[in-house]
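Letters go in sequence order (proteins before strands), and every chain restarts at 1. Atom set for the values below is all heavy atoms of this structure, side chains included, hydrogens, waters and symmetry mates excluded.
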Amino acid sequence: MARSILKVLSDEEVQRIHETSLKILQEFGAKIDDEDLRNDLVDLGCSVEGDRVKIPADVVEKVVENVKKHNHLTFTSRTGYTVEMNPDTTVTHTAGGLPDIIDLETGAKRRPLTEDFIASMRLINQLEYPEFPCALVYPDDVPSQINQVKQVELMFRYSKKPIYSPGISSPGEAKFIASLFKAFEESYKDEIKNPMGNVCISPESPLHIPQVITDTMKEIISAGIATSILSAPVGGMTGPLTLAGGLAQVNAEMIAFATVCYVINPETPLFYGSRLFYANMKTGCTIMGLPETGLASAAAAQMAAYNGFLSDVFGLCNTSCTYDVQSGYEKAINGLVPALAGASWISGFGSMASLMVASYEALVIDSEIFSLMKRVLDGITVNDDTLGLDVLHSAIEGSMILAHPHTIKHLRSGELFKPDLGFNSVWSDWVKDGSKDIQTVARERVRELIEKDEIVPLPDDLEKEVNEIMAEATKELVK
Amino acid sequence: MGLEQLVACVVEADMDNVEDMIKKELDAGTDPAVILKDGLINGMDVVGEQFESGDFFLPEMLAAALTMKAGVEYLKSHLVGDSNESAGTVIVGTVEGDIHDIGKNLVTMMLEGAGFEVYDVGIDVATEDFVKAVKEKNPQILGLSSLLTNTMPSIKTVIAALKEAGLREQVKIMIGGAPVTQEFADDVGADGYASDAAGAVALARGFMGN
Ligand code: B12
């Protein structure tokens, strides 16, 4: 089990939700458009009624056992930045695919361009968190048919961290994305034995894996590229409004998807990418800052752990459209709750306005927010030394605690959090420093950090190969 | 008297009893047109007010609309003339390359609830299929949904194709979807934009002169 400090579901509740998922899989099954895959699933022990595949408990057990075998992973970027993931770790990634960005100069919302995409990668390189960039924005100056291939190319080029690729839903693009993965991993294979990133694929809620998605899976899952299954029911619209019902559905969709992966390629590592979320029920528009976002993510982390998956959940998400208190509390609640519940991957960095707008300042601020969370996750070390009897005793004897070696030692080892961005002094100092709010401080930092980031060029042969792949993709896909 | 009960029936979305209640009214000799206007439609008006004022949310609104629809369906054979005429005809679809349909479905349901006849042409709809549908169904309104900045340009393409086919003038075009804005609507020459499904209904009513 993940190192979970917080349980939003009791063990009995987890089990009950899982049993409901088994019932869903057995009685309703999943709609799978691809006939050949349906036949393969029958061979595995499933039954088929029309286009619905019903998955019995013994098949689920087999699939879940296999998932567990792949829940210790190490990712390494081409520049050597390494991230371990296993049931005891919590790491982070940015939000992905945001349609707009806040212009750093004017503060206005506008469509992002390739240069924004690159700048966001360079900024993330210089931040402590997240450990993985996702394709934060959709560059508006790239043809739509190859947009996601381009995103992956740019991530591999400019990110010094392993990459969290966008959600793909087109087999045409998937093929070239798999080629990029292969080209990069082959090119560095002497130094780097680990995967350099993952991709995401979404089933449709409720319980449908369309033909384009299974075709996409055939490109990605066959290639063995680690995949986050992004199951995204909207509570009350494409899934039950109740969190328990939504969780049972997500859990069933994960297992159904994993079962299809099992027949395509059982060696591919899978992540439990719960994207259970809710809408403003007056307007119908989806909003991410509700506390249910964090609560559902925490519960999903528990469900994932129960089935031996590493989880990947919403996190630093908000509804707020500016850098205000609302933004701060929404992000803090929705990030901290799943983090405490042992989520493996926390998302949302750099986003605002319910995943519709990206912001450079938000990236910087979110890194800081997560640093605070990380301190909470690190918890309290209790041993003879930290219990501090000696230092207390010496104080009673008359010596100074402040200058005591115990104080110095533990201050140095990080017992107390030191903000990198946030204000940490008193009012008069704040005034002396220009009475700046966090956005202003963050904006100054953005410029500094991007400037500091040195671009590491690709080796010549890889450069050539990547250009060939992109030319081929353009030729084949852009009409 | 009894019609108050029918109003309550719609407001509470009491689907099981709506037909019985209408039957009782008919048996008592109430004019079907009155049942429709003062019972069913009045019920929806109350729901509309509750929705505006904050007590009702989308689920209550839709459930009431479904109840009213069932009532109208039952009443239909008793209505003479054009008293059950639809509020207008609308074609709704998600543009080419885009499979997001939750918002479009919501718009469809809300329009139906408001008495429009809606043809939902589905997702990933090719431009020529929109043109074909407009030609065939001759709607007063076309609703285009797009959830991807990538597919938003298709809205422009559809509008251009309708112009080309000489159909642009006969249909009002409203557009929506999370990344769509009023500015974009003005840019591409759509007739209206709404940020949510209730707004889509208001737009459609406006187009029909109500
Ligand atoms: C659910 C969802 C999905 C589901 C869709 C399920 C389905 N059957 O529709 C799945 C998982 C399949 C999916 C797939 C993809 N998605 Co998606 N998805 C979403 C999400 C989270 C919510 C959308 C939603 O349904 N909301 C609920 C409904 C009710 O709201 P709505 O559609 O906005 O509709 C409201 C209004 O807009 C309005 N409205 C809607 N239509 C119309 C029409 C008219 C005429 C009018 C007047 C009004 C109107 O009324 C509704 C409210 O009352 C959004 C994020 C977001 N904040 O919107 C991303 C989002 C739209 N998706 C995105 C992306 C990138 C994708 C994928 C490419 C990647 C992927 N994840 O696989 C694929 C695209 C596949 C394709 N070719 O279309 C991006 C878009 C980025 C961009 N630059 O445009 C978003 C913004 C998320 C993100 N940040 O990454 N997605």
Side-chain angles (χ1 to χ4, degrees), chain A residues 97-101 108-113 137-148 150-151 166-167 169-170 172-173 202 204-206 208 210-213 232-241 277-288 353-358 477 479, chain B residues 48 50-63 94-111 113 122-124 126 145-157 176-184 187 194-202:
Chain A
L98 308 178
D100 284 305
I101 193 162
K109 175 172 86 74
R110 60 166 170 80
R111 285 285 132 86
L113 302 171
V137 292
Y138 244 78
D140 204 42
D141 50 350
V142 174
S144 64
Q145 303 90 329
I146 53 158
N147 207 300
Q148 294 186 318
K150 187 72 191 174
Q151 292 171 26
S169 51
S170 122
E173 286 192 272
S202 293
E204 263 210 50
S205 299
H208 178 198
Q211 187 71 48
V212 282
I213 295 300
V234 193
M237 294 193 190
T238 51
L241 181 77
F277 66 113
Y278 298 88
N280 171 334
M281 290 307 258
K282 200 88 198 177
T283 64
C285 299
T286 44
I287 45 175
M288 305 292 179
S354 300
L355 298 178
M356 293 303 290
V357 181
L477 301 174
K479 302 268 147 55
Chain B
Q50 299 266 44
F51 185 77
E52 292 294 318
S53 70
D55 295 344
F56 271 26
F57 290 81
L58 283 171
E60 289 108 327
M61 179 86 162
L62 287 171
T94 302
V95 298
E96 185 156 18
D98 201 329
I99 59 123
H100 292 87
D101 67 355
I102 306 172
K104 173 210 47 124
N105 295 347
L106 202 55
V107 168
T108 300
M109 288 187 280
M110 291 284 278
L111 285 169
I123 52 174
D124 189 10
S145 183
S146 164
L147 266 283
L148 297 170
T149 46
N150 260 344
T151 60
M152 280 170 59
S154 297
I155 294 179
K156 202 172 168 179
T157 317
V180 178
T181 58
Q182 181 66 52
E183 213 186 342
F184 179 79
D187 242 31
S195 66
D196 62 31
V201 172

K.L.:
Which atoms of A198(B) come close to chain A, meaning under 4.5 Å heavy atom to heavy atom: side chain ones, backbone ones, both, or neither?
P.N.:
neither
K.L.:
Name the region of T283(A), side chain, backbone, both or neither, that has any atom closer than 4.5 Å to a heavy atom of chain B.
P.N.:
both
K.L.:
Go through the atoms of M110(B) and report whether side chain, backbone, both or neither lie under 4.5 Å from a heavy atom of chain A.
P.N.:
neither
K.L.:
Heavy-atom cut-off 4.5 Å, strictly under: side chain, backbone, both or neither for Q145(A) against chain B?
P.N.:
neither
K.L.:
Tell me, yes or no, whether the heavy-atom count around K156(B) atom NZ, taken from other residues, nucleotides or ligands under 6.0 Å, exceeds 12.
P.N.:
no
K.L.:
Could you check whether any side-chain heavy atom of M152(B) comes within less than 4.5 Å of a side-chain heavy atom of P179(B), counting everything from C-beta outward?
P.N.:
yes
K.L.:
Short question: side chain of S354(A), backbone of M288(A) - any donor-acceptor pair under 3.5 Å?
P.N.:
yes
K.L.:
For V234(A), which atoms come within 4.5 Å of any heavy atom of chain B: side chain, backbone, both, or neither?
P.N.:
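For V234(A), side-chain heavy atoms alone lie under 4.5 Å from chain B.
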K.L.:
Restricting to salt bridge (charged side-chain N to carboxylate O under 4.0 Å, His left out), what partner residues turn up for R111(A), sequence neighbours left out?
P.N.:
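Residues passing salt bridge (charged side-chain N to carboxylate O under 4.0 Å, His left out) with R111(A): D100(A).
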K.L.:
Contact part of L106(B) toward chain A, heavy-atom cut-off under 4.5 Å: side chain, backbone, both or neither?
P.N.:
side chain
K.L.:
Measuring heavy-atom distances to chain A, does T151(B) have an atom under 4.5 Å in its side chain, in its backbone, in both, or in neither?
P.N.:
neither
K.L.:
State, yes or no, whether a side-chain contact exists between M237(A) and T286(A) at a heavy-atom distance under 4.5 Å.
P.N.:
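A side-chain contact is absent here, since even the closest heavy-atom pair is not under 4.5 Å.
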K.L.:
With sequence neighbours excluded, what pairs up with P59(B) under the side chain to side chain contact (heavy atoms under 4.5 Å, CB included) test?
P.N.:
M281(A), F57(B)
K.L.:
Need one label for F56(B): side chain, backbone, both or neither, based on atoms under 4.5 Å from any heavy atom in chain A.
P.N.:
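When you check distances to chain A, only backbone atoms of F56(B) fall under 4.5 Å.
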